[in-house]
Amino acid sequence: GAVVSQHPSWVICKSGTSVKIECRSLDFQATTMFWYRQFPKQSLMLMATSNEGSKATYEQGVEKDKFLINHASLTLSTLTVTSAHPEDSSFYICSASRTSGVTGSQYFGPGTRLTVL
Amino acid sequence: AQSVTQLDSQVPVFEEAPVELRCNYSSSVSVYLFWYVQYPNQGLQLLLKYLSGSTLVKGINGFEAEFNKSQTSFHLRKPSVHISDTAEYFCAVTLTGYSSASKIIFGSGTRLSIRP
């Protein structure tokens, strides 16, 4: 159990376009989902925390107007990179927390590699 | 604020040799500790976690870690590594007493490369 999927697994887009990445908890309900960004050979940096039915909480330095997060249901959160530029190219990973369960447990998706040309 | 330091960015080891990946944390409050593994172009998989109780924690794939409160360390060990253990390993912490929605703070990662 506790499977998290992401779609797409990779995407290439032109500069200036918008890209939407989906994060789904397949076999459990997740009131909270997290979005991370990982640059090559670096650690995961938390971008925002998304709670179902409410606005996301962004980390300092993350542009909320550029990285739009929607958590419309207990199994789906989306990250939209608006007007993407080459510097937005990165590996984006989501994680989801169960509504109940062991404290501190998050389940990670397989990641989405975004390349902006 | 909490922080995590992984002292080695890369650790090369011969196959079947033992390995230790070091992790130190800093926090003024109690934390939960985790080790995650990331294979190339994949997400993170939980190896093991320390929440409370025995300070020696056993995880998947033959890994174990020991929580040392006095040294604020949570080093990861495996007595005999395999080629398939080649991956990036991340140490992480989160605050205790919070729900599973707590933020996780990751270390910078250690790349474990296994040589035949």
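Just so it is clear: chains get the letters A, B, ... in the order the sequence lines come, proteins before strands, and each one is counted from 1. Both backbone and side-chain heavy atoms feed into the values below; hydrogens, waters and symmetry mates do not.
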Participant: Are A/Val11 and A/Leu68 connected, step by step, through hydrophobic side chains (Ile, Leu, Val, Met, Phe, Trp, Tyr) whose heavy atoms are closer than 4.5 Å?
Facilitator: no
Participant: Hey, could you give me the CD1/OG distance between B/Ile104 and A/Ser97, rounded to the nearest 0.5 Å?
Facilitator: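 Taking CD1 in B/Ile104 and OG in A/Ser97, the distance rounds to 7.0 Å.
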Participant: Can you get from B/Trp35 to B/Val31 by hopping between Ile, Leu, Val, Met, Phe, Trp and Tyr side chains that sit under 4.5 Å apart?
Facilitator: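 The answer is yes; both residues are in one hydrophobic cluster.
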Participant: For the residue pair B/Phe90 and A/Gln42, what are the closest heavy atoms and their distance?
Facilitator: CZ-O, 4.0 Å
Participant: Verify, without hydrogens or angle tests, whether A/Ser43 (side chain) and B/Gly109 (backbone) share a donor-acceptor contact under 3.5 angstrom.
Facilitator: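 Not at all, since once roles are kept as given, no pair shorter than 3.5 Å links the two residues.
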Participant: Return each pair, listed once, that meets side chain to side chain donor-acceptor pair (under 3.5 Å) where at least one residue sits in residues 108-117 of chain A; pairs must be two or more places apart or across chains.
Facilitator: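 Only A/Gln6-A/Thr112, A/Arg113-B/Asn41 qualify under side chain to side chain donor-acceptor pair (under 3.5 Å).
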Participant: Determine which pairs satisfy salt bridge (Lys or Arg N to Asp or Glu O under 4.0 Å) with at least one residue from residues 77-88 of chain A, sequence neighbours left out, and list them in order.
Facilitator: A/Lys66-A/Asp88
Participant: Tell me, for A/Leu46 versus chain B, whether the close heavy atoms (under 4.5 Å) come from the side chain, the backbone, both or neither.
Facilitator: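 Side chain only.
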Participant: Quick one: does A/Gln38's side chain get under 4.5 Å of B/Phe106's, heavy atoms only?
Facilitator: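 They are not in side-chain contact.
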Participant: Checking ring-ring contact (aromatic ring centres under 6.0 Å, His included) between A/Phe108 and each of B/Tyr36, B/Phe34, B/Tyr39, which is the one that passes?
Facilitator: B/Tyr36
Participant: Relative to chain A, which segment of B/Leu44 carries a heavy atom at a distance below 4.5 Å: side chain, backbone, both, or neither?
Facilitator: both
Participant: Is chain A contacted by the side chain of B/Gln38, its backbone, both, or neither, given a heavy-atom distance below 4.5 Å?
Facilitator: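 Only the side chain of B/Gln38 comes within 4.5 Å of chain A.
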Participant: Looking at every non-hydrogen atom in both residues, tell me the closest pair between A/Phe91 and B/Gln42 and how far apart they are.
Facilitator: CE2-O, 3.5 Å
